[in-house]
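On a predicted model such as this, the values are computed, not experimentally measured, just so you know. Each chain gets a letter, A, B and so on, in the order its sequence line appears, and its residues count up from 1.
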Amino acid sequence: MTEITPQSEDFSRWYLDVVRRAELADYTEVKGCMAIRPYGYAIWELIQQGLDRRFKATGHVNAYFPLFIPASLLMKEKEHVAGFAPQVAWVTRGGDEELAEPLIVRPTSEVIIGTLYAKWIQSWRDLPVLINQWANVVRWEKVTRPFLRTTEFLWQEGHTAHETEAEAQEETLKILALYKEFAETELAMPVIDGQKSESEKFAGASRTYSIEALMGDGRALQAGTSHNLGQNFAKAFEIQFQGRDKTVQHVWTTSWGVSTRLFGAVIMTHGDDSGLILPPRVAPYQVVIVPIPRGNWQETVLPKARELQAQLVAAGVRVMLDDRDAYTPGWKFAEWEMRGVPLRMEIGPKDIEKGQVMVARRDTREKSSLPFDGIGDTAVRLLTEIQQALYHRALKFREDHTQRVTSYEEFKSVMEGRPGFVLAAWCGREECEASIKADTQATVRNIPFGSQRVTRSCVKCGRDASVEAWFAKSY
RNA sequence: CGGGGCGUAGCGCAGCCUGGCAGCGCAUCUGGUUUGGGACCAGAGGGUCGGGGGUUCGAAUCCCUCCGCCCCGACCA
C-alpha cells in the first residue's frame, strides 16, 4: 500500500499521491492527457450540475460547437492568435489525404462561435444571445499536472452577444459573481474576485475578471475567468445587427469559463494527510455505511445496514453501503477517509442492540453514537454542518495567510516566509509587475473591485499607486 | 524549451557500476479462519526490464535515439 506523502514534506507530491490513490485520474500514453476515473468523474458531474443549474437559471442555454476549426479563422483576431498560437494543436492530414487547409483543435471556441454568431444575428431583436457549451479543449502545455494544467481538459465556455457595452459588462460581472457564489456554496472554497492586470488578461479581451483561491501550500489558483470582449471579436468576425435606431452596429460579446481545474482546487483547498476531503455537495457518496461483521452478520447486521441505507436515501442523501466481505472494517475506514467521504456510519451488533449508529465526521474526525431513529434528518443536518465548517476552515486559512503590506521589504519577507495573498499598492505598470515577479515569484492575481486610487505609493517603484492589487505565488 | 532526477509485475523498490537463470515487499487470485481503526494461515497467478536501433556468442545491465513521469526555471487567460 503506497502511503500518501505528508503535505508538510512535499505538497506537490501529496497532491499527486491523492489524485492517484483516491482513483480520481490516471496518466495515459500521451503527455498531459489524463483519464478521469469514475470516482473523479462523478465529482466532476456534480460540479457540472451545480453550474449548469445556475447558468439555466440566469437565462443561458447549452449548445455544441465543433472540435476542429479552420486555422485561418484563428488568425482573424490579432491579439487572440498571438496569445494562443504557441499552444495550438494542428491537424494536417485526414486519412491519407493532406488537408487543403489545416485544422486546429480548439483551444477555446471564440472564433468558431463568432463566425456562427455573424450568421445568426441580424437584428437587435436577436439579442442577447446567451449560449454555453460543455466541451473538451486542447492547449499544448509544456508543464502539465493532473487537473491543474492538462493538454486536453473539460470545461464550460459561455459565449454571449449583447446590444450594448453596458449589457456585456453586466453579463461579465454577473457570471463572475455566479462563479464566486458557486465556489463558495458548493465547493466550500472562498475566492477573491477582481479584475486581471493588462498582462494577464485573456488574449483578445477588453477586460478579464477572475476568481482566485488560496491552496493549502499558500499558492493561489485561478479558478475561473470571465471576459468582456468588447467589440474585438465582433469586428474581426463581422457580427453585426441592425439596431433600434436603424443603424448597423457591431455586437458586444463576452466569454467565460471554468474547467476541471476547479476539481484540483477542491483537492488542494480541503485535503489533509489522510487524503481527500470532499465538501458534501460535491461528494459522490455523502455517507458510507460500514457494517461490522460479527458471526452470522449477513443475516443479522446487513439487513439493518440496508434499512439504514434506505432511510438515508429517502432523506435525499447519496449513500454507499460497503458490504464487501473481503475487507475488514478498519481497512474500509481508512479507504473511505482517503477518498474524502464526509460521513461514515458504522453499524454492528452493539449499535443495533442500543438502537444507535456510530457516526464519524471526515473533517473533524469526531466520532459519536447517534440514535437510529431520525438518522436521515441527522445526516442531512451533519452534512450541512460539514459543508459550512469546511468553508469556514478554508476562509480562516486564507485570512491567516493574507496581509496588507506597505513596503517592498515587507512584501519580500512575506513571500519568503509563509506565502499567501498580499494586498499592496501598485502603480499599474507592467514594469513593476515584472520586476516583482522576478524578485519574489509573486504575480498580480487580480485587482479587487473596491480598489480605488489610494494616497500611498507603489510598493515597488514608489510612484503614485493607481490601485491596490492582490499578489501571490500562483499555479 | 533549458538544468537536474527517474522509468524493472498493479504500487513501492533491489539488481545495472564489473554483461551470463528477472528478484523482494505490498497488492491480486483460490481455500479456510477472521472482522468495532489498514487481519491471519496455506497455496497460486502475474514481466516486450518505457519504445526503437546498435555493440556482443549473450544486454535489464554498455552505446545511440525517441517517449513518458517528477523537481527547478522560462513559458502559459
Return all side-chain donor-acceptor pairs below 3.5 angstrom for residues 146-153 of chain A, not counting sequence neighbours, or 'none' if the list is empty.
residue	atom	partner	partner atom	Å
A:T150	OG1	A:E152	O	2.8
A:T151	OG1	A:K31	O	3.3
A:E152	OE2	A:N136	ND2	2.9

A:R219 has an atom CZ; how far is it from atom P of B:rC71, in whole Å? 10 Å
Identify the nucleotide, in any strand shown, that forms a Watson-Crick or G-U wobble pair with B:rC1, with both distances under 3.5 Å; if there is none, say none. B:rG73
Expected output is a numbered-order residue list: members of residues 341-353 of chain A with a heavy atom under 4.0 Å from any atom of RNA chain B. What is it? A:R344, A:E346, A:G348, A:P349, A:K350, A:D351
Whole-Å distance between B:rA39 C1' and A:K332 NZ? 13 Å
Any strand, both distances under 3.5 Å, Watson-Crick or G-U wobble: B:rU28 pairs with B:rA44
Kindly assign one of parallel, tilted or perpendicular to the pair A:F237 and A:F233, based on the angle between their ring planes and the thresholds 30° and 60°. parallel
Sticking with atom C1', work out how far B:rU33 lies from B:rA60, rounded to a whole angstrom. 41 Å
Taking the six-membered ring for Trp, is the centroid-to-centroid distance between A:F202 and A:H80 below 6.0 Å? yes
Both distances below 3.5 Å, Watson-Crick or wobble geometry, any strand: find the nucleotide opposite B:rA60. none
Under 4.0 Å between any heavy atoms, over every strand shown, what does A:T208 touch: base, sugar-phosphate, or nothing? Just pick one. nothing
Paired nucleotide for B:rC17 [Watson-Crick or G-U wobble; both distances under 3.5 Å]: none
Examine B:rA39: is either OP1 or OP2 under 4.0 Å from a nitrogen or oxygen in the side chain of A:T328? Give yes or no. yes
Going by the rule side-chain contact (heavy atoms from CB on, under 4.5 Å), which residues pair with A:K174 if we only count those two or more places apart in sequence or in a different chain? A:T58, A:E171
Salt bridge (charged side-chain N to carboxylate O under 4.0 Å, His left out) involving A:D10 - partner list, sequence neighbours excluded: A:R13
Figure out the NZ/C1' separation between A:K367 and B:rG37, and round it to whole Å. 7 Å
B:rC66 P sits how many Å from A:K31 NZ, rounded? 16 Å
How would you list, by chain and number, every residue that makes a side chain to side chain donor-acceptor pair (under 3.5 Å) with A:D52, sequence neighbours excluded? A:K56, A:N62, A:W134
Quick check on B:rU28: is either OP1 or OP2 less than 4.0 Å from any side-chain nitrogen or oxygen of A:Y327? yes
Spacing of A:E9 atom CD relative to B:rC71 atom C1', expressed in whole Å: 14 Å
Results of side-chain contact (heavy atoms from CB on, under 4.5 Å) for A:K473 - residues two or more places apart only: A:R219, A:M415, A:Q441
Going by side chain to side chain donor-acceptor pair (under 3.5 Å), name the residues that satisfy it together with A:K201, two or more places apart in sequence or in a different chain. A:E198
Within the modelled atom types, does a donor on one side and an acceptor on the other bring the side chain of A:E29 and the base of B:rG68 under 3.5 Å apart? no
Among all residues two or more places apart in sequence or in another chain, which pass the ring-ring contact (aromatic ring centres under 6.0 Å, His included) test with A:W336? A:Y285
Rounded to whole angstrom units, what separation is found between the CG atom of A:D322 and the P atom of B:rG36? 14 Å
Taking only N and O in the side chain of A:R294, is any of them less than 4.0 Å away from OP1 or OP2 of B:rU34? no
Output one line per pair: protein atom, nucleotide atom from nucleotides 74-76 of chain B, and distance, for all N/O pairs under 3.5 Å.
residue	atom	partner	partner atom	Å
B:rC76	O2'	A:Q87	OE1	3.2
B:rC76	O2'	A:Q87	NE2	3.2
B:rC76	O2	A:R149	NE	3.1
B:rC76	O2	A:R149	NH2	2.6

Are A:R445 and A:T443 close enough, and set up right, to give a side chain to side chain donor-acceptor pair (under 3.5 Å), and what steps lead you there? CA-CA 6 Å; A:R445 298 325 304 153; A:T443 51; 2.7 Å; yes
Any A:R20 side-chain N or O less than 4.0 Å from OP1/OP2 of B:rG12: yes
